[in-house]
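First the proteins, then the strands, lettered A, B, ... as listed; each starts at 1.
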There are 2 protein chains.
Amino acid sequence: MNIDTLLKEPPQWCNGLGPYAEIVLSSRVRLARNLSDFLFTNRIDKQTSTEIKELLKQTQAESKEIKEMFFIDMETLADIDKVVLMERHLISKALIDNSIDKAAIINKDETVSIMANEEDHLRLQSFEPGLNLHKAYETIDKIDTQIEKKLNYAFSSEFGYLTACPTNTGTGIRISVLIHLPGLVHSGEIRNVLETVSKIGLSIRGFYGEGTQIEGNFFQISNQATLGKSEQEIIDTLNKAVLQIIELERNSREILIENAKNQTEDKIWRAYGILKYATLVSSKEFINLSSAVRLGVGLGIVRSCSIKNLNRLLILTKPAHLQKMAGRLMSPDERDIERAIYVRKTLE
Amino acid sequence: MNIDTLLKEPPQWCNGLGPYAEIVLSSRVRLARNLSDFLFTNRIDKQTSTEIKELLKQTQAESKEIKEMFFIDMETLADIDKVVLMERHLISKALIDNSIDKAAIINKDETVSIMANEEDHLRLQSFEPGLNLHKAYETIDKIDTQIEKKLNYAFSSEFGYLTACPTNTGTGIRISVLIHLPGLVHSGEIRNVLETVSKIGLSIRGFYGEGTQIEGNFFQISNQATLGKSEQEIIDTLNKAVLQIIELERNSREILIENAKNQTEDKIWRAYGILKYATLVSSKEFINLSSAVRLGVGLGIVRSCSIKNLNRLLILTKPAHLQKMAGRLMSPDERDIERAIYVRKTLE
């Protein structure tokens, strides 16, 4: 597989076409699975990791659902390509560290990725644009069932799926939604939302998950508990919470427009004007300015730009993507120039 | 005369066509004159002021040079129109206070204005675009000579023309140049320039003369001494100094582009982008942002906008002009909206 084939188009999860796409960027369901005949990843040596990788490869060849997907041996990838995959959310940071053998299987649309030798032996992920957790689960559940036919998953009748970290034990499921909440941030109500969300066992983090900063009013909402509830219950709880947050966000936006129409429009158009004309744009500034423009698109103020384009830009203006597209390594200063050029071109 | 006739076009001094127009906005020569048969303006009553006004009107009718110009009785003007004239630099703040009779004579191009009952009985002014002090002086000198044939100027063979304030006594001349020095401000060299300029008897002030703030890197350079030197000497000194400052400014701009090309271009284009898209723009912000765009035009970076348009905007976005054009009085907030609309339209 040539990674450049993947790069031709941004991942499908950012096509801006899913339900509630003006507020929810994407939905993700991830399953953590381990093989019963091996120690957990943090205890295995290189040889065992190769064995697991080969098992996955073999399983792929025999599984109708994943047969046609790209198998990527991480060792064969250039460093920049690894970061490109990470910027697309297809692999995690853990998969970049190559002390042991690691691999990923990715489908053409980039809506499915299976990682081998991450924190768990297998991490199965499915992505959907907008709020579409049930569909994302359906996809990955099918793949999981197929793989389970070929491989012995570590499973306890008492605890469910066993995982390297006990927080994943049980269903092994982590579902998350990437959501844009400028209205709630502006009104200050986001504090209450965060509190309520954490009380019902959900967590809110930044764009790239655990330990990452909240930027551009983007939040990642996900479940914490994986044990004691069925997958469907966990999905339903999160889905319901997200629908309520969407409602609150919409109210906040309405109030914002009612109370500060001129100031809000001005802020949105200034952000648009800067993105359209600046010749140096940092990654952080892009996220913040595009957040204002995204709000403008959502409010029907900005019509010359689509959620799809803003989503694409969020991925394509990341450092590794810029360098990959330019075909050369660049300093942060050079990237700021390249990013500005790319943003201007896209907004034209 | 209907002031709306004047308003159809911005004053000719801001047409951006004069020498060094990318750095020098305009040149102005002002002569202070008093009539020997009357007390100075601050000592006269309403009746005497009317008499002086009528004398000027009569003189106009008999003088070829100024016959065709508009005679404006200040009492007949709406408050907003007075401010419009002030924003165009055609009359001074002193002419707005109507405790006594005041008047102005203005030519069609708005390159000449004669004020009656300002600080002195008569203030004669001529404006030129760019750096063109000699031409401005030539124009106003001719008019002065004509008027002198009809009216008895207060003149002492020892002191020259007598004026209400001793700082104007002698030639009664004040010449000034409105100059844009972003390069010198950025390099910090402006301090040395200010010091040197004041040592050779010149003064530097803000956009609207004495007591006004320096905004948008615009400076007004003018002579201080009016006594002991001929008009030509005073003009030559200022002209020479301005030519040197222009040279220094050009050097500073070159160095700026050499040392910080990317940052400078970015700053210029951001200012342009904000002006092109913002929906609320204050007067002060317009002056500052348009200063950056003006630098961009001067450096050949911005080609989609002319010095002429920037000059026009400097005048036409002033509070009274905006209200005059809209045909209604507006609050500062409403003006910020109107200003943004007008700026966007002009930059399109």
I'd like to verify something: which residue of [options] has the highest number of heavy-atom pairs under 4.5 Å with chain B?
options                                : result
A/Leu275, A/Ile337, A/Asn262           : A/Asn262
A/Leu280, A/Asp333, A/Val281, A/Thr279 : A/Leu280
A/Ala271, A/Ala278, A/Ala340           : A/Ala278

So, [X] versus [Y]: side-chain donor-acceptor pair below 3.5 Å or not?
X        : Y        : result
A/Thr346 : A/Asn309 : no
A/Ser252 : A/His186 : no
A/Asp336 : A/Ser282 : no

(message) Going by salt bridge (Lys or Arg N to Asp or Glu O under 4.0 Å), A/Glu22 matches just one of A/Arg253, A/Arg294, A/Arg250. Which one?
(response)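 The salt bridge (Lys or Arg N to Asp or Glu O under 4.0 Å) with A/Glu22 is passed solely by A/Arg250 among A/Arg253, A/Arg294, A/Arg250.
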
(request) Could you look at B/Ile268 and say if it's the side chain, the backbone, both or neither that has a heavy atom under 4.5 Å from chain A? (result)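 For B/Ile268, there is no contact with chain A at all, as no heavy atom is under 4.5 Å.
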
(message) So which residue, B/Lys276, B/Arg270, B/Glu265, ends up with the most heavy-atom pairs under 4.5 Å with chain A?
(response)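 Most heavy-atom pairs under 4.5 Å with chain A: B/Arg270.
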
(request) Would you confirm whether A/Trp13, through its side chain, and A/Leu25, through its main-chain N or O, come within 3.5 Å as a donor-acceptor pair? (result)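 Absent.
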
